[in-house]
Amino acid sequence: MCGIVGYTGFQDAYDIVINGLRRLEYRGYDSAGIVLEDGNNKLEVEKTKGKVDDLVRISENLKGTSKIGMGHTRWATHGVPSDRNSHPHLSNNDKIALVHNGIIENYDTIKTMLTEKGFTFKSETDTEVLVNLIQYFMDLNTETDFPTAVRYALNEVYGAYAITVMHEDYPGVLVVGRLGSPLAIGIGEKEYFIASDASPFVEFTKEAIYLEEGHMATISLENGVDIRTISENSKIEPEIQELKLSLEQIEKGGYEHFMLKEIFEQPKSVHDTMRGRLLVDEGVIKMAGIWDHIEKFKNANRIIIIACGTSWHAGLIGEYLIEEYARIPVEVEYASEFRYRNPIITDKDVVIAISQSGETADTMAALKLAKEKGAFIYGICNVVDSSIARITDAGSYTHAGPEIGVASTKAFTAQLTILTLIAFKLGKHNGNLGNADFMSLIAELEAIPKRIEDVLSSTHELVQNIAKDFVNATNFLYLGRGYNYPAALEGALKLKEISYIHAEGYPAAEMKHGPIALIDENMPIVIIAPKRGHYDKIVSNVQEIKARKGKVIAVVNKGDTQVSAMADYVIEIPETSECFSPIVASVPLQLLAYYIAVYRGANVDQPRNLAKSVTVE
Ligand code: F6R
């Protein structure tokens, strides 16, 4: 949700900022901008609606002109994507430039106040209000220096933000602040980097400070990084962390898109999720986060899973897993609904938050609410040290590696893997999962990466061919039962978000209560029909579809006959216990969505209107 890059040092700031923006484009990509300090302490701004490539077209003349600057790639909140609304925004006196990720909720009140004082505004953004508020504080008292004015301004606003600010009278200085949106400071040899995540500076330094909530920092080559609390101006000792991220992890590695690379990484990412946790020879699952708090789980009245989007789908499968194997009641909630419906939460509840990015604003707010009410909070996040990971009482990282394609793929299967481990661990511990079943299930789980690998090689070409036949489809239905009902929801979400084809997921039996009215010879229906899991019932559902001439794309187990005989297209996956089938069945559905989108000419990694990390409500 908007990407910020900043740099001060000895290299060409233009190159660092532009390359950094390209890496952060997954966060938002409807407009982009850059500001550099030219040799004469003047701020040079270029910005435009469109992508970083569009920005490069209008700004290449700035290359080589400066050693300090910052840039922004936008996901519009206040005001349509346009040149005027793009960041950086300048103050009325043209001396201060600001880039911002997040939302200033009280911008309207401040704008009215500033307008009464004679300020004017060129854009519809909340960001332009903030930059002028900084000017206002500097004008009000000429003794107020730039970092202090930023601090005064941040104390007046509420909402969520990560900001970077430059002032032309303070050459070589960058001021940053954060509340609710992430910001990392990379520490190099005689250079500093600022970015929404570490990817823009990973090849230059492995040392970073993740700015904490409510903190700001003044950064200059002369004085280093000075961190303060925004509210009290109290000095904070920086905590420098070693980055684990490698350049290779954030590059496409020969694949046409990040999404395809990430789909193909799943044998490894699922394996990495289990590494050090699943010890089949010893017959144990080691998860310190669960074990250290086992009494909380054991005595829990219920587990509430909160998440959004794909992570919510993983949560639904988590409900099936935990209820089946650990016999603990589970409720799954959309974070955005949970937080506003005055939910009943007690200190006997365990709340599990699932989030790839660890930055999703709705999930974060729901967690804070549950925490206030005394629940024990467990996090399942992919991004290490993300905001959600940091506010939870305990948790498990999915270790799927950076996911850059906007549509979540490998993070989803990694989330399912963690939920499976949790369900088996709790079930074994509370006696609901006997030792023999436990041993056989964990042995099967260990082999899942190999199953995914087999599915990738046996279905890749087939799915590409199937996709060609549906390039012009306008609607799709996805059906599944039991564990595969959420897998159907996820299949439909993948298709709609990257191909813009309308798609709905349903429990297969629910079809007759409404969606069946949509079925005719033009309606493609993807049906997940593994042998284990209500197969006979699904056979009847397929018969009902074929009686209405729907086009069936069936995901079945190898050697299937009944559904395959009726289906128009058959995708075979290996037979597994029912609880593992969503992990395996999701892979060809990801490929199907991917190839339909590619053949439609869509921008798969950066689908319209979406962003990877949704840090606004
Ligand atoms: C779908 C997708 C989104 C996210 C959702 C939650 O492919 O990526 O639906 O799953 O925005 O994001 P996280 O998991 O980062 O909290």
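Below, each value reflects all heavy atoms present in this structure, side chains not excepted, and no hydrogens, waters or symmetry copies.
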May I ask you to check whether [X] and [Y] show a side-chain donor-acceptor distance below 3.5 Å?
X: Asp272; Y: His399; value: no
X: Thr413; Y: Gln266; value: yes
X: Gln415; Y: Gln356; value: no
X: Tyr325; Y: Thr420; value: no
X: Asp197; Y: Ser199; value: yes
X: Thr125; Y: Asn85; value: no
X: Ser458; Y: Glu572; value: no
X: Lys494; Y: Ser499; value: no

Contact between [X] and [Y] at the side-chain level, heavy atoms closer than 4.5 Å - yes or no?
X: Leu416; Y: Pro582; answer: yes
X: Val463; Y: Ile571; answer: yes
X: Asp605; Y: Ile404; answer: no
X: Ile545; Y: Leu479; answer: yes
X: Thr417; Y: Thr398; answer: no
X: Val526; Y: Leu589; answer: yes
X: Val584; Y: Ser581; answer: no
X: Tyr594; Y: His257; answer: yes

Is it the case that Arg608 places NZ or CZ above or below the six-membered ring of Tyr500, under 6.0 angstrom from the centre and within 45 degrees of the axis?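 That pair qualifies as a cation-pi contact.
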I want to check a possible cation-pi pair here: Lys261 against Phe258, using under 6.0 Å from ring centre and within 45° of the ring axis as the test.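 Output no; distance or angle outside limits.
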Arg532 and Asn557: side chain to side chain contact (heavy atoms under 4.5 Å, CB included), yes or no, with the steps? CA-CA 9 Å; Arg532 293 190 240 174; Asn557 288 145; 5.8 Å; no
Distance-minimising heavy-atom pair for [X] and [Y]:
X: Pro607; Y: Val406; result: CD-CB, 3.6 Å
X: Ile352; Y: Phe297; result: CD1-CE2, 4.5 Å
X: Ser196; Y: Leu24; result: N-CD1, 3.9 Å

Hey, is the main chain of [Y] close enough, under 3.5 Å, to the side chain of [X] for a donor-acceptor pair?
X: Arg275; Y: His271; value: no
X: Asp30; Y: Pro81; value: no
X: His72; Y: His100; value: yes
X: Asn382; Y: Gly401; value: yes
X: Lys410; Y: Pro402; value: yes
X: Trp312; Y: Ile306; value: no
X: Arg27; Y: Cys2; value: yes
X: Thr363; Y: Ala335; value: no
X: Asp393; Y: Phe376; value: no
X: Glu521; Y: Lys551; value: no

Which residue, Leu419, Ile322, Ile285, forms the side chain to side chain contact (heavy atoms under 4.5 Å, CB included) with Phe424?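 In the set Leu419, Ile322, Ile285, the residue that makes a side chain to side chain contact (heavy atoms under 4.5 Å, CB included) with Phe424 is Ile285.
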Could you go step by step and tell me if Asp520 and Lys549 meet the salt bridge (charged side-chain N to carboxylate O under 4.0 Å, His left out) rule? CA-CA 5 Å; Asp520 61 16; Lys549 300 195 170 61; over 6 Å; no
Set out, in order, the CA-CA distance, both residues' side-chain angles and the distance that settles salt bridge (charged side-chain N to carboxylate O under 4.0 Å, His left out) for Lys49 and Asp54, then state yes or no. CA-CA 8 Å; Lys49 179 180 168 190; Asp54 299 301; over 6 Å; no
Report the C-alpha distance between Tyr29 and Asn603 in whole Å, list the side-chain angles of each, state the deciding distance to 0.1 Å, and finish with yes or no for side chain to side chain donor-acceptor pair (under 3.5 Å). CA-CA 11 Å; Tyr29 31 80; Asn603 185 342; over 6 Å; no
Contacts of type side-chain hydrogen bond (donor to acceptor under 3.5 Å, both in side chains), residue Glu359, not counting sequence neighbours: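 Checked Glu359 against side-chain hydrogen bond (donor to acceptor under 3.5 Å, both in side chains); matches are Ser387.
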Taking side-chain hydrogen bond (donor to acceptor under 3.5 Å, both in side chains) as the definition, give me every residue that meets it alongside Asp53, ordered by chain and number, with sequence neighbours left out.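 With neighbours one apart ignored, the set is Arg22.
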Describe, in one word, how the ring planes of His460 and Tyr595 are oriented to each other, choosing from parallel (under 30°), tilted (30 to 60°) and perpendicular (over 60°). tilted
Given Tyr485 and His534, is the side chain to side chain contact (heavy atoms under 4.5 Å, CB included) satisfied, shown in steps? CA-CA 11 Å; Tyr485 150 53; His534 321 284; over 6 Å; no
For Glu333 and Arg341, what are the C-alpha separation, side-chain angles and deciding distance, and is it a salt bridge (charged side-chain N to carboxylate O under 4.0 Å, His left out)? CA-CA 11 Å; Glu333 300 251 10; Arg341 67 170 183 76; 2.2 Å; yes
As an exercise, state the distance from [atom1] of [X] to [atom2] of [Y], rounded to the nearest 0.5 Å.
X: Tyr478; Y: Leu489; atom1: OH; atom2: CG; answer: 11.5 Å
X: Lys252; Y: Glu262; atom1: NZ; atom2: CD; answer: 11.0 Å
X: Glu248; Y: Glu251; atom1: CD; atom2: CD; answer: 8.5 Å

Going through the distances and angles, do Thr409 and Gln590 end up as a side chain to side chain donor-acceptor pair (under 3.5 Å)? CA-CA 7 Å; Thr409 52; Gln590 294 165 350; 5.1 Å; no
Arg178 and Glu213: salt bridge (charged side-chain N to carboxylate O under 4.0 Å, His left out), yes or no, with the steps? CA-CA 6 Å; Arg178 115 158 241 210; Glu213 289 281 88; 2.9 Å; yes
Side chain to side chain contact (heavy atoms under 4.5 Å, CB included) for Phe338 and Ile345? Distances and angles first, verdict last. CA-CA 11 Å; Phe338 178 81; Ile345 313 165; 3.4 Å; yes
Among residues at least two apart in sequence or on other chains, which ones pass side chain to side chain contact (heavy atoms under 4.5 Å, CB included) with Glu324? Tyr483
Could you please spell out the steps behind the ring-ring contact (aromatic ring centres under 6.0 Å, His included) verdict for Phe470 and Tyr569? CA-CA 12 Å; Phe470 294 99; Tyr569 302 84; 5.3 Å; yes
Determine whether Val350 and Ile304 satisfy the following criterion, side chain to side chain contact (heavy atoms under 4.5 Å, CB included), listing intermediate values before the conclusion. CA-CA 6 Å; Val350 168; Ile304 305 167; over 6 Å; no
